[in-house]
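Below: one structure, written as structure tokens.
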Amino acid sequence: MTLRWGVLGLGTISRAIHLPLIARSPGHDLAAVADLDPDRCAELAAAYGARALTPEELFAAGDVDAVLVATPGRHAAHAVTALEAGKHVLAEKPFALSAEEVGAAITVARRTGLHLQVGYMKVHDRSVDVVGAALPELGAVRLVQISVRHPVDAPQVEHLRTAPPAPLPTAAVPLVAADDAAEERALDASVGADTSPALRRLFRSVLCGSVVHELSLLRGLGFGTPEFDHVDLLAWEGGAPPTVFATGRLDGGARFVLDWAWTPDRPDYTETVRITTTAGEVVVDVAPPYRLDATSQVTVTGPDGTHHPPAGADGAFQRQLEAFAAAVSGSAPHPGSAPEGALHDLAALQRIVELAR
Ligand SMILES: NC(=O)c1ccc[n+]([C@@H]2O[C@H](COP(=O)([O-])OP(=O)(O)OC[C@H]3O[C@@H](n4cnc5c(N)ncnc54)[C@H](O)[C@@H]3O)[C@@H](O)[C@H]2O)c1
């Protein structure tokens with residue numbers, strides 16, 4: 001069976017990953033694309049031999065089986081529209097900014113029986129399986145540390161040589177304004193209307209935009225969602241995000257330490273997971289987000305010395321797409337990218353804000 005895709009939102013991640021991946025993957029067909037910017041839509045439709053549609057036309061299209069939602073902001077509302085129109089949905093993170101939005105989408109997915117998957121691609125990374133195979137030989141897990149160094153996007157997408165998005169056409173402005181207002185209401189529901197603008201920004205951009213990936217990865221690795229008990233926010237400078245240092249407890253009792261730093265001038269994004277056990281350690285240098293076929297590197301140190309088990313040649317995004325197709329065909333969905341995970345994420349991220357007040 002060929003899965004016919006419609007991609008909604010044709011910005012950086014669609015151009016870096018989703019469009020080329022769907023276009024090259026056997027069993028997948030890029031049937032249509034849609035964006036609020038008709039010029040961008042026409043350009044990418046022509047480049048990929050897909051139909052250029054408006055978002056409304058995309059949801060109604062009879063030749064689209066699944067919608068990939070890669071609009072900015074949050075994605076539960078678009079997911080609901082697509083599910084109600086009879087489409088399976090793969091929605092980028094953050095799936096939503098409030099539990100109410102997640103709950104509404106889960107309800108519709110259950111009623112329609114369609115597959116709804118969140119773009120937590122890291123849970124599909126082969127390194128997760130490699131770590132799972134290594135840990136049982138290494139005793140008890142004592143400590144899990146995740147360090148993220150996050151630069152601005154521009155150098156990360158330099159290899160794509162794409163122009164930054166043009167301003168949206170005037171006709172789209174009211175729609176975007178309405179969406180922004182809905183986003184503020186979702187933020188009120190999650191962190192409270194009286195939370196400072198800086199903490200709201202932190203929740204919206206750093207926690208829901210980036211740290212959410214780390215939470216999904218912890219779930220994928222079998223550590224559950226951390227119960228955070230301490231947070232420091234360091235070095236706020238003007239509007240720049242602060243360094244986030246947070247600690248918590250994981251399922252099984254191990255300690256978790258997150259350090260996330262905004263490093264705007266750094267050329268590369270880096271993310272390292274270090275799992276310390278009673279008999280050694282496992283370190284994962286996680287693949288960067290904008291490289292379609294980049295793979296993570298795993299280093300295992302144990303009683304037999306240090307080695308680097310191969311973590312496959314297929315990247316996390318490819319395996320995410322394969323997992324989606326398998327679930328649509330009736331296989332059990334991957335639990336790590338179910339929308340229920342977004343509920344756990346929101347609760348943990350709300351706790352970080354609470355501890356940071
Ligand atoms: N999985 C990852 O590693 C990863 C990496 C980057 C971005 N993302 C996520 O993907 C999403 C998109 O990010 P991006 O950087 O590509 O954004 P972007 O701003 O580059 O592009 C968004 C596109 O969506 C279009 N758009 C805006 N509102 C729309 C609407 N209502 N209907 C249709 N099109 C609309 C815009 O015109 C633009 O072309 C974000 O939620 C982001 O968090 C995920």
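As the structure lists them, so they are numbered: ligands from 1, and atoms in each ligand from 1.
Residue contacts with ligand 1 leave out Gly209, since none of its heavy atoms falls under 4.0 Å from the ligand. Residue contacts with ligand 1: His78 is included, with a non-hydrogen atom under 4.0 Å away. Ligand 1 has Pro94 within reach: a non-hydrogen atom of the residue lies less than 4.0 Å from it. Residue contacts with ligand 1: Tyr290 is included, with a non-hydrogen atom under 4.0 Å away. Within the 4.0 Å heavy-atom shell around ligand 1 one finds Gly73.
Only the side chain of Leu8 comes within contact range of ligand 1, with a heavy atom under 4.0 Å; no backbone atom does. Within the 4.0 Å heavy-atom criterion, the part of Leu168 lying near ligand 1 is the side chain and not the backbone. Under 4.0 angstrom from ligand 1, there are no non-hydrogen atoms of Arg15.
Between Leu10, Val69, Ile13, it is Ile13 that holds the heavy atom closest to atom 16 (O) of ligand 1. When the heavy-atom distances from atom 43 (O) of ligand 1 to Lys93, His213, Gln320, Glu92 are ranked, the shortest goes to Lys93. Nearest to atom 19 (O) of ligand 1 by heavy atom, out of Pro72, Ser14, Pro169, is Pro72.
Ligand 1 places these atoms under 4.0 Å from at least one heavy atom of His75: 41 (O). Atom numbering of ligand 1 starts at 1 in the shown order; those under 4.0 Å from a heavy atom of Pro289 are 3 (O).
The shortest N or O to N or O distance between Asp37 and ligand 1 is not below 3.5 Å.
Using a 30° and 60° split on the angle between ring planes, His150 and Trp260 fall in the tilted class, from 30° to 60°. Ring geometry, Phe324 versus Trp5: the interplanar angle falls from 30° to 60°, so the pair is classed tilted.
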Pair Arg142, Glu281 - check salt bridge (Lys or Arg N to Asp or Glu O under 4.0 Å), show working. CA-CA 10 Å; Arg142 293 292 192 233; Glu281 69 172 14; over 6 Å; no
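Of the residues Asp259, Thr270, Thr272, the one that meets the side chain to side chain donor-acceptor pair (under 3.5 Å) test with Ser147 is Asp259.
At distances below 3.5 Å, at least one donor-acceptor pair connects side-chain atoms of Ser190 with backbone N or O atoms of Leu97. Formation of a donor-acceptor pair under 3.5 Å by the Lys87 side chain with backbone atoms of Val64 is found in this model. Thr277 places no side-chain N or O within 3.5 Å of a backbone atom of Gly139 that could act as its donor or acceptor partner. Using modelled atom types, no side-chain atom of His115 and backbone atom of His88 make a donor-acceptor pair closer than 3.5 Å. One N or O on the side chain of Asp35 and one on the backbone of Leu10 form a donor-acceptor pair closer than 3.5 Å.
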